[in-house]
Amino acid sequence: MSTPMPPADPLIAIVDDDPAVRRSLAMLLDTRGWAAREFERAADLLAAPDIGVFACLLLDVRIPGMSGLELFDELRRRVRDTARYLPPVLFLTGHGDIPMVVQALKQGAADFLEKPADPRSLLDAIGRAIAADRDARAAFASKAALLRDIAALTPREREVLTELVGGYLSKQIADHLQISTKTVEAHRLRICHKFNVRTGMELAAKLRDVPASAWQQPQ
């Protein structure tokens, strides 16, 4: 999992095929101290080394070639396949595109604004996206660290972890795994130390949003 740190000043990606629109948007963002990087087509953004450097992505729905909505789908697929971070996505759209963008919102887009967008409304929406990015980036980094901790577990620790999260007591785990209770307790202590928790309940809470397949041994 990769979580690049964004620049000190928020950097916004603008994808629009109209140079005048891109320039106007970049100048508007500058009034808030936000930097912009301009892209003419979806392929240009997809060729960027890592979109995680952006605090948010501002996409025009109707761009030549791959549309803004298709770009969003491709970005989601790529970050899912590579376990990378996807910044908040905002759409600029014409009235006829609204039903499509509403569907994109259901798939995780942050917001959309109709063209021509009111400058203050646009800046406010981007401000909300930047704030959301900070929280989402921190949560992503925390989950990435958790998955690294899981990857460092031994096969036996993975077995014991599965039992602990299942709510079983040490004696029950010992019976299930056919090992001594003392061995279970030793594994429990090492697992809790690795995850920086004290109890099985704290451990289960910390792993609540992580699928069990992340640590369970293949059958």
Side-chain angles (χ1 to χ4, degrees), residues 1-8 10-11 13 45-46 48-57 71-89 104-110 129-219:
M1 258 189 188
S2 174
T3 318
M5 293 301 293
L11 178 63
L45 177 63
L46 292 174
D50 196 333
I51 60 168
V53 300
F54 299 107
C56 78
L57 313 178
L71 171 58
F72 180 49
D73 286 341
E74 177 63 14
L75 288 170
R76 290 172 59 242
R77 184 192 68 78
R78 290 192 179 193
V79 299
R80 182 174 61 249
D81 291 347
T82 60
R84 292 180 179 270
Y85 174 71
L86 178 62
V89 173
L105 292 175
K106 293 179 181 178
Q107 296 172 338
I130 291 172
D133 172 70
R134 296 191 191 103
D135 293 339
R137 195 178 294 269
F140 186 92
S142 178
K143 184 175 181 180
L146 187 58
L147 291 176
R148 287 194 296 270
D149 291 340
I150 291 173
L153 295 173
T154 66
R156 179 60 86 185
E157 286 171 345
R158 290 169 181 265
E159 290 178 334
V160 173
L161 175 60
T162 299
E163 298 280 324
L164 288 172
V165 173
Y168 293 106
L169 302 175
S170 293
K171 177 66 168 63
Q172 294 171 307
I173 297 173
D175 291 341
H176 294 166
L177 301 181
Q178 297 185 332
I179 56 179
S180 71
T181 302
K182 285 186 177 181
T183 299
V184 171
E185 287 297 332
H187 284 307
R188 179 198 290 268
L189 286 173
R190 282 196 294 271
I191 291 169
C192 287
H193 177 73
K194 287 182 177 181
F195 288 98
N196 194 30
V197 297
R198 293 177 297 177
T199 68
M201 290 182 62
E202 288 181 6
L203 181 62
K206 194 164 190 177
L207 295 172
R208 181 177 56 246
D209 297 325
V210 179
S213 59
W215 67 79
Q216 287 178 344
Q217 293 293 307
Q219 298 300 316

Below 3.5 Å, can you tabulate the donor-acceptor pairs from side chains in residues 207-214 to any protein atom, sequence neighbours excluded?
none

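Applying the ring pair (Phe, Tyr, Trp, His ring centres under 6.0 Å) test to Tyr168 and every residue at least two apart in sequence or in another chain returns His176. For Lys206, there are no salt bridge (Lys or Arg N to Asp or Glu O under 4.0 Å) partners, not counting sequence neighbours.
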Verdict with reasoning, Arg190 to His187, per side-chain hydrogen bond (donor to acceptor under 3.5 Å, both in side chains): CA-CA 5 Å; Arg190 282 196 294 271; His187 284 307; 2.9 Å; yes

Test salt bridge (Lys or Arg N to Asp or Glu O under 4.0 Å) applied to Lys171 and Asp175, step by step: CA-CA 6 Å; Lys171 177 66 168 63; Asp175 291 341; 3.2 Å; yes

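Shortest non-hydrogen contact noted between Leu161 and Leu153 is CD2-CD1, 3.6 Å. Across all their heavy atoms, Ile51 and Tyr85 have their closest contact at CG1-O, 4.2 Å. Between Asp133 and Phe54, the closest heavy-atom pair is OD1-O, 4.2 Å. Among all heavy-atom pairs drawn from Pro88 and Ala129, the shortest one is CG-O, 3.4 Å.
Contact annotation: the side chain of Leu177 never approaches that of Thr183 to less than 4.5 Å [non-hydrogen atoms, C-beta and beyond]. Residues Arg158 and Ile150 have side chains in contact (heavy-atom distance under 4.5 Å, counting atoms from C-beta outward).
Ile173 CD1 to Gln178 CD: the interatomic distance, rounded to the nearest 0.5 Å, is 14.5 Å. Atom CG of Leu57 is separated from atom CG of Leu71 by 8.0 Å, given to the nearest 0.5 angstrom. Separation of atoms CD (Gln172) and CG (Leu164) is listed at 11.0 Å; rounding is to 0.5 Å. Interatomic distance, Phe140 CZ to Leu86 CG, rounded to the nearest 0.5 Å: 9.5 Å. Ile191 CD1 to Glu163 CD: the interatomic distance, rounded to the nearest 0.5 Å, is 10.5 Å. Between the NZ atom of Lys194 and the CG atom of Asn196 there is a distance of 14.0 Å, given to the nearest 0.5 Å.
Between Arg76 and Asp73 a salt bridge is recorded (basic side-chain N to carboxylate O distance below 4.0 Å). No salt bridge links Glu185 with Lys182; every basic N to acidic carboxylate O contact stays at or beyond 4.0 Å.
Remark: side-chain polar atoms of Arg137 are paired, donor with acceptor, to backbone N or O of Gly52 under 3.5 angstrom. For Arg156 (side chain) and Val184 (main-chain N/O), no donor-acceptor pair under 3.5 Å exists by modelled atom type.
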